[in-house]
Asker: 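Following this message is one structure expressed as structure tokens.
Order of the sequence lines sets the chain letters (A, B, ...), proteins ahead of strands, with each chain counted from 1. The model shown is predicted, which means the values in this text are computed figures rather than measured ones.
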Protein chains: 2
Amino acid sequence: MMTQRVTLKTIAAKTGFSITTVSRGLAGYSDVSPRTKQIILEAAEVLGYYPNLTARQLQKQSTDTVGLILPAQGPRFSDPYFSAIIAGIGDELAQHDMDLLLSKHPPGPKELSAYRRMVEGQRVDGLIVIRTRKQDERISYLSSTSLPFVVFGRSDLDIDFPYIDEDSEVGFFQLTTYLLSQGHTRIGFISGPDNLMFANFRFDGYCRALQEAGLTCDMEYVVRGDLTRKGGEKAARQLLLLAPRPTAIIATNDLMAVATVSVAREKDIKIGEDLSVAGFDDIPPSDYLSLTTMRQPTYEIGRRLSNMLHQLIKGNPLEDRHVLLKPEMIVRNSTCPPRSY
Amino acid sequence: MMTQRVTLKTIAAKTGFSITTVSRGLAGYSDVSPRTKQIILEAAEVLGYYPNLTARQLQKQSTDTVGLILPAQGPRFSDPYFSAIIAGIGDELAQHDMDLLLSKHPPGPKELSAYRRMVEGQRVDGLIVIRTRKQDERISYLSSTSLPFVVFGRSDLDIDFPYIDEDSEVGFFQLTTYLLSQGHTRIGFISGPDNLMFANFRFDGYCRALQEAGLTCDMEYVVRGDLTRKGGEKAARQLLLLAPRPTAIIATNDLMAVATVSVAREKDIKIGEDLSVAGFDDIPPSDYLSLTTMRQPTYEIGRRLSNMLHQLIKGNPLEDRHVLLKPEMIVRNSTCPPRSY
DNA sequence: TGTCTTTTCCAAAACGTTTCGGATATCCTA
DNA sequence: TAGGATATCCGAAACGTTTTGGAAAAGACA
């Protein structure tokens, strides 16, 4: 039962050829005669040979694997964002016969050592970094390395690296402007963690829209959230206590916008009548709840990131080293002109 | 800039000791004197040595990696189920300093060759199989192998393997019985793909409850779904056209239950008044929508699966080789006694 | 017949690690 | 001071693959 592993050596012993010839035969080199190649292939077949990928990796000094470390904590990824990006990355990698080495670490020192492990332990040929932060140490570390990597999101570091990002600033500028055009003047904002790049961009877009409309960004109407549903609820509650109450609330992500909807319902405030609510991401529940939002094609971004990385690994030049996508505004029933009262 | 890789050989050359001694010094063996160990550690430090994990894997014949192949298709995982399980697996593996090798393949021949690649290419020390199917070829394949694996879900094969599963049959028996006790007699059912084990179990529970209540399982009130939102909508539409209309609808998963809610809303059928709706899983949107459902602790199951696998890999005996969890009924506002009309 | 290709094969080195089985030197004990 | 124990080190083999640089045999050409 405990059959010995079958390696090139096994085939060599069985066929009488050398390990070299067996290897080259299987690889299809032209310096092995058709007849012996045939013999070797048959032997491999009957013995059930499968190459040891680890040995091959060691010899070839490449792993056909890319690494992804999810900067998440807790039992559920904070939102469907991670699922979509993993799906995109996974599908694209499968096309190139590459594997994905996945870890999950909340930001912190253990996260960075997970990167070091992948990079310096030479476990991967490249890395994908997602959800960029201010002064992102992952990026400064990786750029000190010669390993290829691509990033979802921009950074405030003075480092050039290949990335894809959605233009969050323009997205929220557009969304805020839309609400202003409907007549809203008191627009509450639920922000995200200050160290996340996209959270800042989104806030910036909101502010700029207000300013260009001649309004000032009243910090009383800006409440910090943490992108989770719980944090969103807390922030929404706080905003809804303000007097005068905001007529619209924008949340940095859909998850918190959804939370705002629940809180409003609980207080018998009618969404899309007494209160407008909007978010960013267009996650599945937003659709059910008819939430106005900015859509970003996370799955496609995942695919594109993989593809870029694959090019880099192969040593090909990148057609676009920096990609900035425009998010699309999806207007649903959660937004309307303010009730004049 | 293109600094040479630093290996044991580099340290050996620099310190004047042999590769063997360097290796043993770093590993902390007692047959290297404290002074030379000190020298070696310092040299490793200044040179920035990091062991090549691939080489180590080859030598040790183990990878400290487990494989997971997501049986999913399309841009988004069909539901938050996959996210939660990946999170659980990832967190638990991190505790044991193991990595996760992830692929994504829809069921089919390419899926199986992805398994073969991981197993026969010796890329992983063990595998986790999720979402079991009838006559699941992944399981029969893996059990023909000597590689450890654990499974989320039971199977109809005559093979013994370690698994964790939730008792879907009992879960839906309980849920259906609850609805019957509220007075419902026409309970529609949105089933799942026939080849998925859990979908069958859930349907069985539904049927058994009807039968024990003296009712028959009228197949007109059972419509096939595919676990996605779209499929759920189609099925719900079909059920709501029946005359007499069902007073309650149970869906095989929450995603389709959520879809049922949207369809009903669209038709101005009030959920929790004119129609009761319930699902299975307790995904986040269910909470927002106040959907009655059966909760299964997917994250914890992921953790536990990892843990079981880790024990198997270490060669430890398993305390529980077969775990069957009871799902918890979460009653929310989407269910109520039928309107008597 | 002798040289020159071409065909077909293989030994050995390499990738970077760990481990086995000594070897040498030092120390203690009687 | 001979004996054995102990401390410290290392060469070589092994993990399984690919590649380099020939070697041997066969064929082509003069």
Side-chain angles (χ1 to χ4, degrees), chain A residues 3-41 43-44 47-65 97 117-125, chain B residues 3-41 43-44 47-65 97 117-125:
Chain A
T3 55
Q4 207 48 242
R5 282 231 69 83
V6 22
T7 71
L8 290 181
K9 192 194 269 186
T10 321
I11 301 180
K14 166 142 181 173
T15 60
F17 293 104
S18 74
I19 292 181
T20 302
T21 303
V22 172
S23 171
R24 314 204 100 219
L26 290 173
Y29 279 79
S30 64
D31 66 350
V32 14
S33 82
R35 201 161 54 85
T36 67
K37 184 195 281 191
Q38 173 73 9
I39 294 173
I40 289 171
L41 286 175
L47 291 173
Y49 171 75
Y50 204 101
N52 180 314
L53 266 18
T54 307
R56 184 178 280 177
Q57 285 172 15
L58 178 60
Q59 156 64 29
K60 292 225 163 169
Q61 291 290 84
S62 79
T63 60
D64 286 336
T65 304
D97 277 316
R117 183 179 156 78
M118 285 196 184
V119 174
E120 305 181 33
Q122 290 158 273
R123 291 218 66 188
V124 297
D125 289 347
Chain B
T3 54
Q4 208 47 244
R5 282 231 67 85
V6 22
T7 71
L8 290 181
K9 193 195 267 184
T10 321
I11 301 180
K14 165 140 181 173
T15 60
F17 293 104
S18 74
I19 292 182
T20 303
T21 302
V22 172
S23 171
R24 315 204 98 216
L26 291 173
Y29 278 79
S30 63
D31 66 351
V32 15
S33 81
R35 202 161 55 85
T36 67
K37 184 195 281 189
Q38 173 73 6
I39 294 174
I40 289 171
L41 285 176
L47 291 174
Y49 171 75
Y50 204 102
N52 181 314
L53 265 19
T54 307
R56 184 177 281 177
Q57 285 173 16
L58 178 59
Q59 156 64 31
K60 292 225 165 170
Q61 291 289 86
S62 80
T63 61
D64 286 336
T65 304
D97 277 316
R117 183 179 156 78
M118 284 196 185
V119 173
E120 304 181 34
Q122 289 160 274
R123 290 218 66 188
V124 297
D125 289 346

Asker: Looking at every strand, decide which applies to T7(A) at a 4.0 Å heavy-atom threshold: base, sugar-phosphate, or nothing.
Answerer: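 Answer is sugar-phosphate: T7(A) comes under 4.0 Å of backbone atoms only.
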Asker: Take N1-N3 plus N6-O4 or O6-N4 for Watson-Crick, N1-O2 plus O6-N3 for G-U, both under 3.5 Å. Which runs of 3 or more such pairs involve DNA chain D?
Answerer: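 For DNA chain D the paired stretches long enough to count as stems (3 pairs minimum) are C:1-27 with D:4-30.
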Asker: Write down the distance between CD1 (I19(B)) and C1' (dC20(C)), rounded to a whole number of angstrom.
Answerer: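 In whole Å, dC20(C) C1' and I19(B) CD1 are 16 Å from each other.
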Asker: Tell me what D31(B) touches on the nucleic acid: a base, only sugar-phosphate, or nothing, going by heavy atoms under 4.0 Å.
Answerer: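 Contact class for D31(B): base.
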Asker: Nearest-Å distance, CZ (R5(B)) to C1' (dA14(C))?
Answerer: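 Answer to the nearest Å: 16 Å.
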Asker: Would you indicate what T36(A) reaches in the nucleic acid, counting non-hydrogen atoms under 4.0 angstrom: base, sugar-phosphate, or nothing?
Answerer: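 The answer is sugar-phosphate, as T36(A) gets under 4.0 Å only of primed atoms, P, OP1 or OP2.
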Asker: Indicate the atoms forming the closest heavy-atom contact of I11(A) with L26(A), along with that distance.
Answerer: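 Heavy atoms of I11(A) and L26(A) come nearest at CD1-CD1, 4.4 Å.
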Asker: Just how far, in rounded Å, is P of dT17(C) from CD of Q59(A)?
Answerer: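 Distance, rounded to whole Å: 15 Å.
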Asker: Any N or O donor-acceptor pair linking the side chain of S18(A) to the base of dA11(C) at under 3.5 Å?
Answerer: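 Absent.
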Asker: Report yes if a side-chain nitrogen or oxygen of S23(B) is closer than 4.0 Å to either non-bridging phosphate oxygen (OP1 or OP2) of dT18(C); otherwise report no.
Answerer: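 Affirmative; the distance criterion is met.
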Asker: Mind checking if S33(B) touches a base, just sugar-phosphate, or nothing, with heavy atoms under 4.0 Å?
Answerer: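 The answer is sugar-phosphate, as S33(B) gets under 4.0 Å only of primed atoms, P, OP1 or OP2.
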Asker: Under 4.0 Å from any heavy atom of chain A: name the first and the last nucleotide of DNA chain D that qualifies, 5' to 3'.
Answerer: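 Footprint of chain A along DNA chain D, 5' to 3': dG16(D) to dT20(D).
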Asker: For the base of dT7(C), is there a side-chain donor-acceptor partner from S30(A) under 3.5 Å away?
Answerer: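 A donor-acceptor contact between them is absent.
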